[in-house]
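Down below is the structure, laid out as structure tokens.
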Amino acid sequence: MPEDSIDHIDFDDLRDRAISQPIVEHIYTADPSAHVFDGRIYIYPSHDVESDVPFDDLGSHFAMEDYHVISMDSVDGPATDHGVALHVDDVEWAERQMWAPDAHEKDGKYYLFFPAKDYDGIFRIGVAVSDSPVGPFVAQPAAIKGSFSIDPAVYRDHGGEYYMYFGGIWGGQLQRWREGVYRADGEGPLAHLPADDEPALCPKVARMTDDLLEFAEEPRDLVILDEEGAPLLQGDNDRRFFEAAWMHYYQGKYYFSYSTGDTHYICYAMGDSPYGPFTYAGRILEPVVGWTSHHSICEVDGRWYLFYHDSSLSEGVTHLRSIKVAEITYDEEGRIETLQPYRE
Ligand code: FUB
């Protein structure tokens, strides 16, 4: 939701009408990636902080420095903040902007996947490892080879393979990698984007190596098609991919979900393989208060939940967000019913 449309919001009323309340209120948190490990819910969010970096369309004011892990016994139970799990000062290759992370477990070890800008101002994706789901995590000395852009989400398929989904346009720099190398020329968030009548930029997917520390293959385009089988166009701002990739599997189908960024929707597309192609299927979440929308989808005790964020606690400050959770439901055809974040 754009900042200029919040001027007339009565935030006490909005918080009363919200379908869910912040999971924690003692810090600002965003971009929640939720998993169940050994029967407990672990959430890997961004840790939002005040910054003196001015607002711009590249998201420079999202100047986060560390990650905290939040855990809960149940979606409506008390949440525990396990403190700093990884700080940018402890990541050799990263200089700033610890954006949306994800985590996964393999053979008793826990892997935190995170984007940050390197010392050339280029977003890369790193991995940090721990024996505990709550850290502390020890970062690898270098970012994943061949990684770029933001918002990693790691999905374990039934065969035991792990795939990373990632990418984000504008400040997430995906458009600067169209030719396979980073293009530093061109000002602002729109430089190097395709024209509105060209196919939209695709999010990326790559299978991970067995140790989860590198890509096992070149990242591929994850294509999102419309109902006629044509790729979504860049000018289709209500449906095209912007950032916040997530993958889940439900009753025989793969669901790729994502944010449309400047139109503020969480949407999804359905497919038959972790690589796609995917066909656009609808909206999961209408716009929340705050510019960004970002989510994960996680099954807990046989029910499905959307973890998301909004800026109602900070009264609309875009870079001070709070993570929330709400149940989602599917119809008989596997379509997800759209959530309205605030009741009328
Ligand atoms: O939190 C920083 C950025 O804002 C994330 O990486 C994006 O997905 C958006 O939520």
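The first residue of the sequence shown is numbered 1, and numbering continues consecutively from there. Numbering of ligands and ligand atoms starts at 1, following listing order. Both backbone and side-chain heavy atoms feed into the values below; hydrogens, waters and symmetry mates do not. Just so we're clear, the structure is a prediction, and the values are computed from it rather than from any experiment.
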Notebook entry, point to check: Among the heavy atoms of Arg321, does any lie under 4.0 Å from an atom of ligand 1?
Noted result: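 For ligand 1, residue contact (heavy atoms, under 4.0 Å) with Arg321 is present.
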Note to self: Looking at ligand 1, is there an atom of it that comes within less than 4.0 Å of some heavy atom belonging to Met64?
What the structure shows: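 Per 4.0 Å heavy-atom rule, Met64 contacts ligand 1.
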Checklist line | Phe114-Tyr44 aromatic ring centre distance below 6.0 Å | finding: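 Between Phe114 and Tyr44, the centre distance exceeds or equals 6.0 Å.
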Check: Are side-chain N/O atoms of Arg321 and Tyr28 paired as donor and acceptor at under 3.5 Å?
Finding: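 Absent: no donor and acceptor within the cut-off.
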Note to self: Test of understanding: given a 4.0 Å heavy-atom threshold, classify the contact between Ala100 and ligand 1 as side chain, backbone, both, or neither.
What the structure shows: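 The answer is both.
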Next item on the list: Check ligand 1 against His294 and write out every atom of the ligand that is under 4.0 Å from a heavy-atom position of the residue.
Entry: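 Numbered from 1, ligand 1 contributes 7 (C), 8 (O), 10 (O).
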Item checked: Single hit among His61, Glu65, Lys117 for side chain to side chain donor-acceptor pair (under 3.5 Å) with Gln97 ->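 Per the side chain to side chain donor-acceptor pair (under 3.5 Å) rule, the option paired with Gln97 is Lys117, out of His61, Glu65, Lys117.
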Tell me which protein heavy atom sits closest to [atom], plus the residue, atom name and distance to 0.1 Å.
atom                   : answer
atom 1 (O) of ligand 1 : Asp31 OD2, 2.5 Å
atom 9 (C) of ligand 1 : Glu243 OE2, 3.3 Å
atom 6 (O) of ligand 1 : Asp151 OD1, 2.5 Å

Notebook entry, point to check: Name the one of Phe55, Phe62, Phe242 that satisfies ring-ring contact (aromatic ring centres under 6.0 Å, His included) with Trp291?
Noted result: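 In the set Phe55, Phe62, Phe242, the residue that makes a ring-ring contact (aromatic ring centres under 6.0 Å, His included) with Trp291 is Phe242.
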Check: Relative to each other, are the rings of Tyr275 and Tyr163 parallel, tilted or perpendicular (30° and 60° limits)?
Finding: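 Judged by the thresholds at 30° and 60°, the geometry between Tyr275 and Tyr163 is perpendicular.
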Next item on the list: Report yes if some N/O of Trp99 lies less than 3.5 Å from some N/O of ligand 1; otherwise report no.
Entry: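 Such a contact does not occur with ligand 1.
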Note to self: Tell me whether Arg303 at atom CZ has more than 12 heavy atoms from other residues, nucleotides or ligands lying less than 6.0 Å away.
What the structure shows: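 Not more than 12 within 6.0 Å, no.
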